[in-house]
Visitor: 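Input: one structure, supplied below.
So that the names make sense, note that chain A is the first sequence line, chain B the second, and so on, each numbered from 1.
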Amino acid sequence: MKPRVRFAPSPTGYLHIGGARTALFNWLYARHTGGTFVLRIEDTDDARNSQEAVDVILNGLRWLGLDWDEGPLTGDATGPSKGDRGPYFQSQRKENYQRRVEALLSRGLAYEHEGAIKFKMTREPILIPDLVVGDVLRPLTDREEVDPDWVLVRSDGQPVFHFVNVVDDLEMGITHVIRGEDHLSNTAKHIALFKAFGVEPPKYAHIPLILNADGSKMSKRDKGASLTSYLDDGFLPEAVNNYLCLLGWSPKDNLEKMPLAEVVGRFDLPQILRHNAKFDYEKLTWLQGEYCRDLPGDRFYELGVHAFAKAGVDTNKFPIAYVKAALDTCKGKIKTFNELPAYASFYFRDEIAYDPEAARKSFVPESKPRLEKVRDAFGRLSTFDAASIEAALKATAAELGVKVGVLIHPTRLATTGHPHGPSLYHLLEVLGKEKVLRRIEKGLGSCW
RNA sequence: GACCCUAUGGUCUAGCGGUUAGGACAUCUCCCUUUCACGGAGAUAGCCCGGGUUCGAUUCCCGGUAGGGUCGCCA
């Protein structure tokens, strides 16, 4: 039988990075085994559920490229879905829960108590066979000893998470439950319920949690806790996916950067690590830089234009070829796209502001005659391409008896406003002779 | 308070009784270079502690300690 796994998030308005990793591991296992990846929305808490909150989840998974074989197609709980085990919103499955409660009630496995319905929990320790952690024997805690039974349905008629989760897993034919380790202890309850229903529980795989860099639990407010923040910060989904794969799982052969398709082939449950991992933003950024550098030019262009637009820099006023050429000079230089506006807006602005500290260093009196020479040399060029520019600049440096760097820094500052940036020769070519001469002129005029 | 899980450099990890404890990120140095980045060479840094078992423990067992999780009419 092919595995059926599921990701069952609660629509809270954001998708936790740990949740995204759980989804990823489920997806990887399904793809590795040729099984089915089900997406189920646990929207039992009416108060905070909304279509928008569901959309955050759907969009997050889509951004990562984690397609689901069964589940909702939109954030609308009553909307279309795919798969024949639906509905895939718990809010639409109430009859199932009702039916299951009655079955337990009628067999004396549950009882009413102060308006709620409680499950008769065994007092014996429960063995949890876990594919990651191994066999775990879970006895009752001291508090549970006092009253081992637990609520299935609240007095207001709402069934609780532990109950609906099990009922849905059962009815949706889930064979492997891959979820965060925070659910390990409660799995005893789930196993007891499955047994009460007379069915074998699914196989469990509890994966370690992702912690903050300081080892604390990553909660909503923490930097990087929301998957959306990576999209907003200009990260690539392939980088995020790759990094997430490496937290709690290892290919064992020192390979780190690898496409998801490669991971699909190698991924399996037994190799999942047992200990929590701290999130290392630096390493993610490194991977991001790797992927960003290898991006095909057209995709880099698309994402770059979007990054500029987001920062209020309108690239549409410029010819596409110009924008593309400008972005080409940035590729391999930046790591995340949100660096782009600060890095290369000079291509798209009429007025550039000079970095004050760089101006103090480069716009010194002795630079002026040198910059004039550079201007004149550039002015004589008939073809204004990188090679000619480089040759002209070097010839000028030789003529003046100075190192090229002496000319380069003031030239860069005059034309871009920054001490750092893309390759100077290439950047000047893109800017074009006219604009370059104008900016050098301006630099000469305004700084001494 | 009880119960469960975990423990290799700052971080992610390889290791599954005998290794000069390997790789990656980060840090530092040098090279390359017009800046930055990339690339190349190198450096610093690690088996939580204590007992066992064993000829021999990072590796197996027990106990501490530390971190994380759970014990809700939250999910």
Visitor: Can you name the residues that form a ring pair (Phe, Tyr, Trp, His ring centres under 6.0 Å) with A:Phe378, not counting sequence neighbours?
Guide: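 Expected list: A:Phe384.
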Visitor: For the pair A:Glu171 and A:Arg93, find out whether any cationic side-chain nitrogen is under 4.0 Å from an anionic carboxylate oxygen.
Guide: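 So A:Glu171 pairs with A:Arg93 through a salt bridge.
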Visitor: In whole angstrom, give me the gap between the C1' atoms of B:U8 and B:A14.
Guide: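 Going atom to atom, C1' in each nucleotide, I get 10 Å.
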Visitor: Looking only at the side chain of A:Arg143 (C-beta and beyond, no hydrogens), which of the listed nucleotides B:C12, B:C73, B:C71 gets closest?
Guide: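 Given the options B:C12, B:C73, B:C71, the side chain of A:Arg143 is closest to B:C71.
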Visitor: Round to the nearest Å and state the distance from A:Phe279 atom CZ to B:G67 atom P.
Guide: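 Roughly 23 Å, once rounded to whole Å.
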Visitor: Both A:Gln90 and A:Glu144 contact RNA chain B. Which one's nearest nucleotide lies toward the 5' end?
Guide: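 Mapping each residue to its closest nucleotide by heavy atoms, the 5'-most match is A:Glu144.
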Visitor: Rounded to the Å, how far apart are A:Phe89 CZ and B:A75 C1'?
Guide: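 The answer, rounded to whole Å, is 16 Å.
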Visitor: Tell me every residue that passes salt bridge (Lys or Arg N to Asp or Glu O under 4.0 Å) with A:Lys324, counting only those two or more places apart in sequence or in another chain.
Guide: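 Partners of A:Lys324 by the salt bridge (Lys or Arg N to Asp or Glu O under 4.0 Å) criterion come out as none, since no residue qualifies.
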Visitor: Can you check the distance between B:U59 and B:C49, where both ends of the measurement are the P atom (answer in whole Å)?
Guide: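 My reading of the P atoms in B:U59 and B:C49 gives 10 Å.
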Visitor: Are A:Glu339 and A:Lys335 close enough, and set up right, to give a salt bridge (Lys or Arg N to Asp or Glu O under 4.0 Å), and what steps lead you there?
Guide: CA-CA 7 Å; A:Glu339 296 169 40; A:Lys335 285 184 174 169; over 6 Å; no
Visitor: Can you sort out the partners of A:Arg274 under salt bridge (Lys or Arg N to Asp or Glu O under 4.0 Å), two or more places apart, ordered by chain and number?
Guide: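 A:Arg274 satisfies salt bridge (Lys or Arg N to Asp or Glu O under 4.0 Å) with no residue once adjacent residues are dropped.
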Visitor: Let me know the distance between CH2 of A:Trp150 and C1' of B:G72, rounded to the nearest Å.
Guide: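 After rounding, the gap between these two atoms is 12 Å.
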Visitor: Protein within reach of the bases, or only the backbone? For nucleotides 22-41 of chain B, mark each nucleotide 5' to 3' as B, S or -, using heavy atoms under 4.0 Å.
Guide: BBBB--------BBBSS---
Visitor: If we call it a pair only when both distances are under 3.5 Å in a Watson-Crick or G-U wobble match, what pairs with B:A41?
Guide: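 Its partner is B:U29.
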Visitor: Which residues pass the ring pair (Phe, Tyr, Trp, His ring centres under 6.0 Å) test with A:Tyr29, sequence neighbours left out?
Guide: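 For A:Tyr29 the ring pair (Phe, Tyr, Trp, His ring centres under 6.0 Å) partners, ignoring immediate neighbours, are A:His176.
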Visitor: For A:Tyr301 and A:Asp328, does a side-chain donor sit closer than 3.5 Å to a side-chain acceptor?
Guide: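 Short answer, no.
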Visitor: In whole Å, what separates the C1' atom of B:A37 from that of B:G50?
Guide: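 Approximately 49 Å lies between the C1' atom of B:A37 and that of B:G50.
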Visitor: Which is more 5' along RNA chain B, the nucleotide nearest A:Lys252 or the one nearest A:Pro159? Just name the residue.
Guide: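 Between the two, 5'-proximity favours A:Lys252.
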Visitor: Under 4.0 Å, heavy atom to any atom of RNA chain B: which of residues 202-218 of chain A qualify?
Guide: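 Heavy-atom contacts with RNA chain B come from A:Leu209, A:Gly215, A:Lys217.
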Visitor: May I ask you to say what A:His418 touches in the nucleic acid, namely base, sugar-phosphate or nothing, with a heavy-atom cut-off under 4.0 Å?
Guide: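 Touches nothing.
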Visitor: Which side-chain N or O atoms in residues 123-140 of chain A pair as donor and acceptor under 3.5 Å with protein atoms at least two apart or in another chain?
Guide:
{"residue": "A:Arg123", "atom": "NH2", "partner": "A:Glu145", "partner atom": "O", "Å": "3.2"}
{"residue": "A:Arg123", "atom": "NH2", "partner": "A:Glu145", "partner atom": "OE1", "Å": "3.4"}
{"residue": "A:Asp130", "atom": "OD1", "partner": "A:Val132", "partner atom": "N", "Å": "2.7"}
{"residue": "A:Asp130", "atom": "OD1", "partner": "A:Val133", "partner atom": "N", "Å": "2.8"}
{"residue": "A:Asp130", "atom": "OD1", "partner": "A:His206", "partner atom": "N", "Å": "3.3"}
{"residue": "A:Asp130", "atom": "OD2", "partner": "A:His206", "partner atom": "N", "Å": "3.0"}
{"residue": "A:Asp130", "atom": "OD2", "partner": "A:His206", "partner atom": "ND1", "Å": "2.6"}
{"residue": "A:Arg138", "atom": "NH1", "partner": "A:Ser185", "partner atom": "O", "Å": "2.9"}
{"residue": "A:Arg138", "atom": "NH2", "partner": "A:Glu144", "partner atom": "OE1", "Å": "2.3"}
{"residue": "A:Arg138", "atom": "NH2", "partner": "A:Glu144", "partner atom": "OE2", "Å": "2.9"}

Visitor: Distance between the C1' atoms of B:C60 and B:U54, in whole angstroms?
Guide: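 That atom pair is separated by 10 Å.
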Visitor: Does B:A75 have OP1 or OP2 sitting under 4.0 Å from an N or O in the side chain of A:Thr44?
Guide: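 Checking A:Thr44 against B:A75: at least one side-chain N or O falls below 4.0 Å of OP1 or OP2.
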Visitor: B:C74 P sits how many Å from A:Phe163 CZ, rounded?
Guide: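 Answer to the nearest Å: 15 Å.
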Visitor: Would you tabulate the nitrogen or oxygen pairs shorter than 3.5 Å linking the protein to nucleotides 3-7 of chain B?
Guide:
{"residue": "B:C5", "atom": "O2'", "partner": "A:Glu181", "partner atom": "OE2", "Å": "3.0"}

Visitor: Which residues satisfy the salt bridge (Lys or Arg N to Asp or Glu O under 4.0 Å) test with A:Arg179, sequence neighbours excluded?
Guide: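 Salt bridge (Lys or Arg N to Asp or Glu O under 4.0 Å) check on A:Arg179 returns nothing, list empty.
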Visitor: Taking 4.0 Å as the cut-off, does a side-chain nitrogen or oxygen of A:Asn165 come that near to OP1 or OP2 on B:A75?
Guide: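 Checking B:A75 against A:Asn165, no side-chain N or O comes under 4.0 Å of OP1 or OP2.
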Visitor: At under 4.0 Å between heavy atoms, what does A:Gly115 touch on the DNA or RNA strands: base, sugar-phosphate, or nothing?
Guide: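 Result for A:Gly115 = nothing.
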Visitor: Look at all strands and tell whether A:Glu114 reaches a base, only sugar-phosphate, or nothing, counting heavy atoms closer than 4.0 Å.
Guide: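 It contacts base atoms.
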Visitor: For A:Trp249, what residues pass the ring pair (Phe, Tyr, Trp, His ring centres under 6.0 Å) criterion, not counting sequence neighbours?
Guide: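 Only A:Phe267 meet the ring pair (Phe, Tyr, Trp, His ring centres under 6.0 Å) criterion with A:Trp249.
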Visitor: Partners of A:Tyr243 by ring pair (Phe, Tyr, Trp, His ring centres under 6.0 Å), sequence neighbours excluded?
Guide: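 Listed in chain order: A:Phe279.
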Visitor: If the threshold is 4.0 Å, N to carboxylate O, is there a salt bridge linking A:Arg370 and A:Glu372?
Guide: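 A:Glu372 and A:Arg370: not salt-bridged.
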Visitor: Taking atom C1' in both B:C61 and B:U70, compute the distance separating them and give it to the nearest angstrom.
Guide: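 B:C61 and B:U70 have their C1' atoms separated by 27 Å.
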Visitor: So, using salt bridge (Lys or Arg N to Asp or Glu O under 4.0 Å) as the criterion, who are the partners of A:Lys373 when residues are at least two apart?
Guide: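 Expected list: A:Glu399.
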Visitor: Say we look at B:C74 and B:G15: how far apart would their C1' atoms be, to the nearest angstrom?
Guide: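 Between the two C1' atoms, the distance is 41 Å.
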Visitor: Taking OP1 and OP2 of B:A75, is either one under 4.0 Å from a side-chain nitrogen or oxygen of A:Arg154?
Guide: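 It does, given that an N or O in the side chain of A:Arg154 lies less than 4.0 Å from OP1 or OP2 of B:A75.
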Visitor: Can you check the distance between B:C32 and B:C38, where both ends of the measurement are the C1' atom (answer in whole Å)?
Guide: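 Nearest-Å result for B:C32 against B:C38 at atom C1': 11 Å.
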Visitor: Take atom CG of A:Leu152 and atom C1' of B:G72, then tell me their distance rounded to the nearest Å.
Guide: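 Nearest whole value for this atom pair: 14 Å.
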